[in-house]
Structures are given as C-alpha cells and as structure tokens.
*Asks:* 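Please read through the structure below; I'll follow up with questions.
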Amino acid sequence: MSETRPRSSVRVKAPGKINVYLAVGALQDDGYHELATAYQAVSLCDDVVARRADDFGVHVSGAVDLGRVPTDGSNLAVRAARLLAARTGYRGGVRLSIDKRVPVTGGMGGGSADAAAALVACDALWGTGVGREELLGMAAELGSDVPFCLAGGTAIGTGRGDELTPVLATGTFEWVLAIAPFGLSTPTVFAELDRHRSRHALDIAPAPTAPRVDNGVLQALRAGDPTMLAEHMVNDLQAPALKLAPPLVDVLEAGERAGALAGMVSGSGPTIAFLAEHREAALALQVELSAAGVDAVRTHGPVAGARVVEVD
Ligand code: C5P
C-alpha cells in the first residue's frame, strides 16, 4: 500500500478483553503454560494516538491508576512501534499518546491492547502497509494476548494464548467490571497456581496436558445466551488470584448477591467481571456495587479489535 500524502497523526481504539474461559495446562520448559481460553473484546477501550516524530516516546494519561505504566522504552506500545520500524526498515520514530481507561495490570490486557493499537497506528502513520498476518506475527512476539487485542471479537486462544481461532458468536454480552485499587502481576499469579498444584499434587487433579475450551462455552457464545455462559465460565487463575488478594472474595460475593449471573476474575486479575442478564440488569448491578463502595464500570462485548478511528 503506498501513501498519497504523509499523515501527521492516527488515532486507534484499543479494546480490553475478558477471558470468559481460561484453562491452564502444566508449566513448560520455556516458562509458559499451555492455555485454552475464550477471549471476548469489550467496549472499555484505551485510546492511542500516534504522531510523527524523529525518535520514540510515549505519554500516558487517563482516569485509572497510572503508577505502574512504564513511560520509557520498556512500555509495550513503544516496543511494538520499534519492532514495526525494525521489520519494515522505517527510519523515523513516533510520539505515542495513550489515554488509559482499561485498568493497569488488571487482567484485561490493557498493555497488550496498547501494543496492538501501536502496531495498527504506526502502520497507518508510516504507510508501511504491513499485512494482517505479519502484524499478527509481530503481535505474538510482543506478548501472548497481543494477537487477540489486534483481532478482537470473540476467539479461542491456544498455545500461549496467541494461536487464535475465530468463534461464531451472536448477540451482545453485558458486563459490570469491579476495578480493584491495586494490580496483580501475571507471572506471580501463574507461579502461585504452579505452587498450589505442586503442594497439592496428591489431592487435586493434575494440570491438563491438552486444555480445551468447554463445549458449553462455545454453545453459549454461539447462542448469545448469557445465562448459559454464566454456567460454564471457568478461570484456572481465579483461585491463585484470590489467594494473593483475599479481599477479592468479598467483591465476588457482593456481585453475586447483587444479582450477577456469575462473577469471575478476569485473566490474572484483579479485575472481576460480572455477567448480567441484559443491559437493565447491568445498570442495576452497577448501582448496587457502587453503593457498596466498589468501583464498578459497565462494558459490553464483543467489539472489534484495535482499529483506526481518526486520521489527520
Ligand atoms: O506473554 P506475556 O509476556 O504477556 O506473558 C507474561 C507472563 O505470563 C509470562 O512471563 C509467564 O510468566 C506468564 N504466562 C504463562 N503462560 C502463558 C502466558 C503467560 O505462564 N501461556
């Protein structure tokens, strides 16, 4: 693809994700776990603007706790931009401005969404015209969730979570997110699961060698049926997340008491995603959780992945 005129800025929407099902296999020699997950991209988005620059930089703003977001070259969005430049031979840089709404280290793939958005934004800004398959390959190099954040919609992730198969999904699912005032480190949550499994090797089922997404989840997504989905939602990272952050147990109970169909830790947490029967039920749930002192945010899915919304 060749550009007719140079662009000065590109804005991309970067949706967060919920894992509506997450089965974790055994720890492998490379330090990763074999996963089987069902991802859903949701309407809670970061906003990423890429502007032409001679070198690489990032500015981060937003209403969420930004304390844990790196603003140097270790920021995953900057690494994404540098990777695209290196692969395409682009010689300039970019100034990224990220407005965050997806909770930071919250288990909703916020950093991964920003990286996916940076790939899409820089490709459009620089006119490098990289194909979708190649972008997905770069995304997988950046992190296990980045390919899904690029693809969006509803998909099954296997391998590290980066090998995607699209899922037939209908309808819209209404969620209320309980945002925690702290973060959890993904490697720490996986390590807690491994510790638990080795401590209780005699009395719990071993890690599955070939984890699979439950058929009930696929049926519920296909039917757009939140009640059926609520019955089949599982997250193997929930128990270790609750062990590391016990106050989340009270939040889960508060949501279920307030009428959620089901509540589940999102990814490695600490965000908790409550599924509601419909939009009005989600509104009522949000009101009740807020009254109980929980930072409750409504969102829905599925939505498209990282996409350009404005070009100058
Ligand atoms: O791929 P990503 O860099 O996002 O992964 C962060 C960490 O999460 C890894 O270093 C690893 O500890 C853990 N992880 C894992 N198995 C996966 C994906 C992530 O153990 N399939």
Side-chain angles (χ1 to χ4, degrees), residues 14-41 46 68-70 72-84 98 100 102-119 135-152 155-165 183-199 206-213 234-245 265-271 305-306:
K17 57 85 187 164
I18 292 172
N19 301 79
V20 300
Y21 187 91
L22 176 53
V24 180
L27 176 63
Q28 299 179 326
D29 293 343
D30 60 7
Y32 282 80
H33 299 74
E34 179 84 12
L35 301 184
T37 188
Y39 290 108
Q40 184 177 102
D46 285 354
R68 295 174 300 268
V69 185
D72 58 10
S74 69
N75 182 291
L76 198 57
V78 175
R79 285 171 44 205
R82 283 190 188 277
L83 179 65
L84 180 70
I98 305 178
K100 294 202 71 74
V102 180
V104 176
T105 57
M108 291 192 62
S112 302
D114 298 345
L119 287 176
L135 278 185
L136 282 169
M138 288 183 216
E141 288 180 46
L142 292 160
S144 309
D145 292 338
V146 185
F148 176 71
C149 291
L150 198 60
I156 299 299
T158 51
R160 293 179 173 187
D162 57 335
E163 294 166 24
L164 299 179
T165 312
L184 277 176
S185 135
T186 302
T188 306
V189 178
F190 273 103
E192 178 60 34
L193 175 66
D194 295 335
R195 245 192 322 276
H196 180 81
R197 282 175 169 170
S198 67
R199 247 191 260 125
T209 42
R212 287 175 54 97
V213 173
V234 168
N235 179 3
D236 284 350
L237 293 179
Q238 173 157 312
L242 296 181
K243 181 97 196 294
L244 291 165
V265 166
S266 172
S268 55
T271 306

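Indexing begins at 1, ligand by ligand and atom by atom, following the structure's order. In this chain, numbering begins with 1 at the start of the sequence shown.
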*Asks:* Going by heavy atoms in the side chains, are Arg197 and Asp236 under 4.5 Å from each other?
*Replies:*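 A side-chain contact exists here, since the closest heavy-atom pair is under 4.5 Å.
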*Asks:* I want to confirm something. Looking only at heavy atoms, which of Thr186, Leu237, Asp194 is nearest to atom 6 (C) of ligand 1?
*Replies:* Thr186
*Asks:* I'd like to know if the side chain of Ser268 pairs up with that of Thr186 as donor and acceptor (distance under 3.5 Å, no hydrogens or angles considered).
*Replies:*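 A pair is found: one side chain offers a donor N or O, the other an acceptor, under 3.5 Å apart.
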*Asks:* Quick check: does Ser144 get an N/O under 3.5 Å from an N/O on ligand 1?
*Replies:* yes
*Asks:* Just so I know, are the side chains of Leu237 and Leu193 near enough to count as touching, which here means a heavy-atom distance under 4.5 Å?
*Replies:* yes
*Asks:* Using a strict cut-off of 4.0 Å, indicate which atoms of ligand 1 neighbour a heavy atom of Gly143.
*Replies:* 1 (O)
*Asks:* Quick check: do Phe190 and Leu27 have side-chain heavy atoms less than 4.5 Å from each other?
*Replies:*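 No, every pair of side-chain atoms sits at 4.5 Å or beyond.
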*Asks:* Could you tell me whether ligand 1 has any atom less than 4.0 Å away from a heavy atom of Gly31?
*Replies:* yes
*Asks:* Does Tyr32 approach ligand 1 within less than 4.0 angstrom via side chain, backbone, both or neither, non-hydrogen atoms only?
*Replies:* both
*Asks:* Mind checking whether Arg160 has an N or O less than 3.5 Å away from an N or O of ligand 1?
*Replies:* yes
*Asks:* So which protein heavy atom does atom 21 (N) of ligand 1 come closest to, and at what separation?
*Replies:* His33 O, 2.7 Å
*Asks:* Got the closest protein heavy atom to atom 7 (C) of ligand 1, with its distance?
*Replies:* Pro187 CG, 3.9 Å
*Asks:* Of the protein's non-hydrogen atoms, which lies at the shortest distance from atom 13 (C) of ligand 1, and what is that distance?
*Replies:*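 Scanning the protein heavy atoms, the shortest distance from atom 13 (C) of ligand 1 goes to Phe190 CD1, 3.4 Å.
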*Asks:* Using side-chain heavy atoms (C-beta onward) and a distance below 4.5 Å, is His196 in contact with Pro240?
*Replies:*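 Sidechains of Pro240 and His196: no contact.
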*Asks:* Any sub-3.5 Å donor-acceptor pair from Thr271's side-chain atoms to Gly106's backbone N or O?
*Replies:*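 Present.
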*Asks:* Report yes if some heavy atom in the side chain of Leu83 is under 4.5 Å from a heavy atom in the side chain of Arg79; otherwise report no.
*Replies:* no
*Asks:* Which atoms of ligand 1 are found less than 4.0 Å from any heavy atom of Leu35?
*Replies:* 21 (N)
